[in-house]
Protein chains: 2
Amino acid sequence: MVNRRKDEHMANAFRALGHPVRLRIVRILNDEGASFAGDITRRLPVVASTASQHLKILREAGLINDAADGPHRYYSVNKQALLDLKAWVRKL
Amino acid sequence: MVNRRKDEHMANAFRALGHPVRLRIVRILNDEGASFAGDITRRLPVVASTASQHLKILREAGLINDAADGPHRYYSVNKQALLDLKAWVRKL
DNA sequence: CGCTATCATCGTATTTCGACGAACAACGAC
DNA sequence: GTCGTTGTTCGTCGAAATACGATGATAGCG
């Protein structure tokens, strides 16, 4: 099948979104713009190390970007990834 | 947050879609219409009992419907659930 | 330099997922 | 009733996910 690899990639993205905390992270970044890790974590019901893991999962799924900024870390949504997601879902 | 419960529900749906086999099931039902369990299973790289489990997960997530039809079981997409999913994703 | 702040990563315990084969249930044909 | 077909559920086991605290790494302040 032509789209087997694409499906694999999309399944990865969906799996990353398939957790309340991670869904909330994406919504925070999407609704309120890029943020520092601490500002995100402060709004989540988990400790910092756990939040960091969730951010890593979203990053590895390609859904968010990160950049170092002094001792802080700046996170933002990957707009292109979200566009791809929307395009895929629209076909359902 | 107003949409905490909604997010929980959407995370469930995303988690259900977060597996290649289940994504493929949804695509089969969506692209080719409702099907018997056996016809679906035959196109998946897993044995029948595993396919049945995946169908159950999708059903419990509300993404597909099922109906008994003699010794067969008939599966179809839940159009409303997909509409909800699309509406949610569109807001990203 | 030492000190604080900010995050990430490591180590670990618990839970959940995902796969299979075996056993079970429901239906139709006979 | 007994088969044969279809599909689900059960039992099990290894792999992965999820949470936490502890430790490590880096940047800026003094």
Side-chain angles (χ1 to χ4, degrees), chain A residues 4 7-26 28-29 32-78, chain B residues 4 7-29 32-77:
Chain A
R4 197 105 58 92
D7 279 3
E8 194 84 27
H9 181 255
M10 293 307 305
N12 250 340
F14 282 128
R15 187 154 43 84
L17 293 175
H19 188 287
V21 166
R22 293 195 291 267
L23 208 53
R24 189 139 162 64
I25 291 172
V26 172
I28 289 173
L29 293 179
E32 307 170 20
S35 313
F36 294 121
D39 292 334
I40 300 169
T41 301
R42 217 163 288 121
R43 309 181 51 181
L44 301 175
V46 293
V47 301
S49 61
T50 303
S52 184
Q53 280 186 140
H54 284 303
L55 287 166
K56 182 179 184 181
I57 290 170
L58 287 169
R59 177 167 22 100
E60 289 177 347
L63 293 172
I64 64 176
N65 303 117
D66 68 324
D69 173 28
H72 299 82
R73 190 157 286 261
Y74 202 59
Y75 283 95
S76 56
V77 295
N78 182 336
Chain B
R4 196 102 60 92
D7 279 3
E8 194 85 26
H9 181 254
M10 292 307 305
N12 251 341
F14 282 128
R15 187 154 44 85
L17 293 175
H19 189 289
V21 166
R22 294 195 291 266
L23 210 51
R24 190 142 163 63
I25 291 172
V26 172
R27 271 161 57 76
I28 289 172
L29 292 179
E32 306 170 20
S35 312
F36 295 120
D39 293 334
I40 300 170
T41 300
R42 217 163 287 120
R43 309 182 50 181
L44 301 176
V46 292
V47 301
S49 61
T50 303
S52 184
Q53 282 187 138
H54 284 303
L55 287 165
K56 183 180 184 180
I57 289 170
L58 287 169
R59 177 166 22 97
E60 289 178 347
L63 294 172
I64 65 176
N65 302 118
D66 68 325
D69 175 27
H72 299 82
R73 190 158 285 262
Y74 202 59
Y75 282 96
S76 56
V77 295

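So that the names make sense, note that chain A is the first sequence line, chain B the second, and so on, each numbered from 1. All of these numbers come straight from a predicted model, not from anything done at the bench. These values consider heavy atoms only, across backbone and side chains, with no hydrogens, waters or symmetry-generated copies.
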For A/Arg15 and A/Ala51, take the nucleotide of DNA chain C holding the closest heavy atom to each; which residue's nucleotide lies nearer the 5' end? A/Ala51

Closest-nucleotide 5' rank along DNA chain C - winner of B/Arg22 and A/Ser52: A/Ser52

With a 4.0 Å cut-off on heavy atoms, is [X] in touch with a base, just the backbone sugar-phosphate, or nothing at all?
X	result
B/Ala37	sugar-phosphate
A/Tyr75	sugar-phosphate
B/Val21	nothing

In whole angstrom, what separates [X]'s [atom1] from [N]'s [atom2]?
X	N	atom1	atom2	answer
B/Phe36	D/dT8	CZ	P	12 Å
A/Lys56	C/dC10	NZ	C1'	10 Å
A/Asp69	C/dT6	CG	P	13 Å
A/His19	C/dT15	NE2	P	15 Å
A/Ile40	C/dC7	CD1	P	9 Å
B/Glu60	C/dG18	CD	P	13 Å
A/Asp66	C/dC7	CG	P	12 Å
B/Arg73	C/dG28	CZ	P	13 Å

Ring-plane angle category for A/Phe14 and B/Phe14, please: parallel below 30°, perpendicular beyond 60°, tilted otherwise. parallel

Go through C/dG21, C/dG18, D/dC20 for me and flag the one nearest to the B/Ile57 side chain. C/dG18

Out of D/dC20, C/dC7, C/dA8, whichever nucleotide has its closest atom nearest the side chain of A/His72: C/dC7

Do the ring centers of B/Phe36 and B/Tyr74 come within less than 6.0 Å of each other? yes

With a cut-off of less than 4.0 Å, is there a side-chain N or O of B/His54 near OP1 or OP2 of C/dC17? no

Report yes if at least one side-chain N or O of B/Thr50 is closer than 4.0 Å to OP1 or OP2 of C/dC20; otherwise report no. yes

What's the shortest heavy-atom distance between A/Ala16 and A/Leu58, and which atoms? O-CD2, 4.0 Å

On a heavy-atom basis, the closest approach of B/Ile40 and B/Ser35 is CG1-CB, 3.8 Å

Checking B/Arg73 side chain against B/Ala37 main chain: does a donor-acceptor pair fall under 3.5 Å? no

Here's a test of your reading of the structure: between B/Arg42 and B/Gln53, which maps to the more 5' nucleotide of DNA chain D? B/Arg42

